[in-house]
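Written out below as structure tokens is the structure these notes cover.
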Amino acid sequence: MRARQAALPVLAVAAALVALWYAGAVALNWQVVAEGRARGGMPPDAWQTLAGTMSFARPLLPAPHQVAEEVWRTAFATPLTSRRSLLLHAWITLEAALAGLAIGVAAGVLVAAAIVHVRALQRSLMPWIIASQAIPVLALAPIVIVALGTLGLEGLLPKAIIAAYLCFFPVTIAMAKGLEAADPLARDLMRTYSASRAQVFWKLRLPASLPFLFASLKVAAAASVVGAIVAELPTGAQAGLGARLLAGSYFGQPLQIWAALVAAAVLSASLFGVLAATERLVARRMGMRA
Amino acid sequence: MAAIEAKRLSLTYSTEDGPLQALSDIDLAVAHGEFVSLIGPSGCGKTTLLRVIADLEQPTGGEIRVNGTTPGQARLRRDYGYVFQAPALLPWRRIAANVTLPLEIMGLPRTERRRRAQAQLDLVELAGFAHKFPWQLSGGMQQRASIARALAFDPALLLMDEPFGALDEIVRDHLNEQLLRLWRRTGKTVVFVTHSIPEAVFLSTRIVVMSPRPGRIADIVPCDLGPDRPLEIRETPEFLRIAQRVREGLRAGHAYAG
């Protein structure tokens with residue numbers, strides 16, 4: 001019953017977005033299609049032009065069904081071993097994003113743990129962490145990729161490092177707060193037991209911080225995909241969704257670009273979904289009220 | 001050797017509005033096995049005194065010994081169990097796991113932890129709730145669980161900071177009876193903070209009346225009602241006489257403060 005009630009607004013919003021997308025495709029492609037027809041000596045015909053905007057090979061904005069076709073063709077109708085397989089490229093990007101997410105989350109939690117245990121670090125380290133995020137990743141990525149390349153590091157690791165660079169920030173900020181979020185009485189309680197710092201961390205600080213951790217993980221997951229894609233751009237478009245984006249724009253293949261964007265969005269949404277499900281599972285184990 | 005011995009103890013907080021004297025010239029000795037209540041209006045320093053005994057606050061003057069050593073050493077020896085105003089149960093642990101928390105920290109083996117949790121939960125009549133989460137229990141039951149937790153590692157000294165302050169009168173009466181029985185059976189030393197005169201008289205062997213600004217001891221009232229105290233004892237002339245003296249002490253403290 002509840003699911004059915006929730007389905008209606010979800011479907012309505014989805015339908016509205018698709019309708020908006022179609023309207024945008026018509027509006028943006030109209031002029032190019034109409035001019036093409038005029039050059040070809042065809043008489044102006046609104047219906048024919050409209051149909052043209054829906055099936056134009058190099059549209060400014062492809063129609064949803066064109067993108068869907070392209071995704072289907074490259075993802076499922078192309079062998080996984082082919083360089084044209086969308087799934088292959090998505091997997092290459094996902095690999096880097098997951099590795100980056102793992103590195104970034106580990107680094108974020110470690111830095112946050114250090115900050116809450118050593119007061120001096122709050123003031124000395126935090127400004128650098130914040131400044132690090134003021135550098136556009138687009139500017140930083142080529143430097144890191146080239147620098148690591150001269151050290152002989154190529155492939156997954158440099159991309160994971162760029163992804164981690166974007167991931168660790170939200171995790172550090174959230175966990176610096178989350179690790180201090182335990183009830184002050186509970187902290188006094190641990191003191192009356194003469195609990196060690198490690199015991200306070202594992203039995204009180206960390207469990208109390210989990211809601212903060214999951215909130216930041218969801219932000220970090222989306223950032224990790226962006227980071228991996230950006231990191232794929234400077235390497236001269238070898239592989240991954242970033243490479244598909246770059247190749248698509250070099251060779252004027254808007255459908256290829258849009259298919260790669262859809263794949264990126266699906267990756268982000270899937271990571272988010274897995275994290276949200278994990279969060280629900282953990283919350284249930286920890287006795288949170290439904 | 002007294003369980004607690006304070007001499008000319010004082011504590012001054014430095015606040016934005018200047019120094020604030022929370023405790024002034026506290027002289028108090030609590031013998032082993034005593035049940036001593038600290039009573040007074042809010043701001044009289046009764047909770048602060050309890051926290052100084054527990055090494056949760058540092059005094060700025062005078063001397064305090066707990067079992068013959070500094071409060072810090074007593075804390076490291078795990079000499080006392082502390083019950084806070086709120087139950088302070090960890091929400092992600094089931095009741096049994098909350099009770100075993102101090103035992104885990106102290107490194108007791110699992111079977112022993114389980115045995116003790118069971119025994120303590122029996123004692124506070126929560127045996128059937130071991131596998132519930134804290135939010136599934138009422139406020140009174142949560143506070144009983146927190147008492148079971150304080151008792152789990154069998155400290156000789158119990159420090160209780162208005163443990164029943166947030167509960168309704170009927171639950172409170174019941175828990176007072178249970179606490180009295182527990183104290184009689186175990187012979188523990190209890191220091192109990194309250195702002196309820198009947199509660200203090202009903203439970204204590206001595207009542208320390210405190211007054212505010214600065215927090216100091218206005219009167220120490222012996223409370224020799226004997227070990228057997230049914231709830232009805234609260235209507236006896238003896239009980240009322242002691243309650244009257246406590247009330248006068250509280251009033252005098254207020255007049256002094258202006």
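Residue numbers start from 1 in every chain, and the chains themselves are labelled A, B, ... in the order their sequence lines are given, proteins ahead of strands.
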The ring-ring contact (aromatic ring centres under 6.0 Å, His included) partners of A:Tyr165 (sequence neighbours excluded) come to none
Using heavy-atom distances under 4.5 Å, tell me whether B:Pro102 contacts chain A through its side chain, its backbone, both, or neither. both
Is it the backbone or the side chain of B:Leu90 that comes under 4.5 Å from a heavy atom of chain A, or both, or neither? side chain
Looking at every heavy atom in both [X] and [Y], which two are closest together, and how far apart are they?
| X | Y | value |
| --- | --- | --- |
| B:Trp92 | A:Pro207 | CE2-CB, 3.2 Å |
| B:Arg149 | A:Leu189 | NH1-CD2, 3.3 Å |
| A:Gln199 | B:Glu104 | NE2-O, 4.4 Å |
| A:Leu185 | B:Ala86 | CD1-CB, 3.6 Å |
| A:Ser194 | B:Leu76 | OG-CA, 3.3 Å |
| A:Thr192 | B:Arg75 | O-CG, 4.1 Å |

Structural part of A:Leu204 lying under 4.5 Å from a heavy atom of chain B: both
Contact part of A:Ala182 toward chain B, heavy-atom cut-off under 4.5 Å: side chain, backbone, both or neither? neither
Residue-level contacts of residues 275-282 of chain A with chain B, using a heavy-atom cutoff under 4.5 Å: none
Distance-only, no hydrogens or angles: does the A:Arg191 side chain make a donor-acceptor pair with backbone N or O of B:Leu56 under 3.5 Å? no
Would the number of heavy atoms belonging to other residues, nucleotides or ligands and lying under 6.0 Å from [atom1] of [X] be above 12?
| X | atom1 | value |
| --- | --- | --- |
| A:Phe201 | CZ | yes |
| B:Lys132 | NZ | no |
| A:Arg119 | CZ | yes |

With respect to chain A, which residue among B:Phe153, B:Phe84, B:Tyr82 yields the maximal number of heavy-atom pairs within a distance under 4.5 Å? B:Phe84
So, do B:Leu101 and A:Tyr193 sit near enough that their side-chain heavy atoms are less than 4.5 Å apart? yes
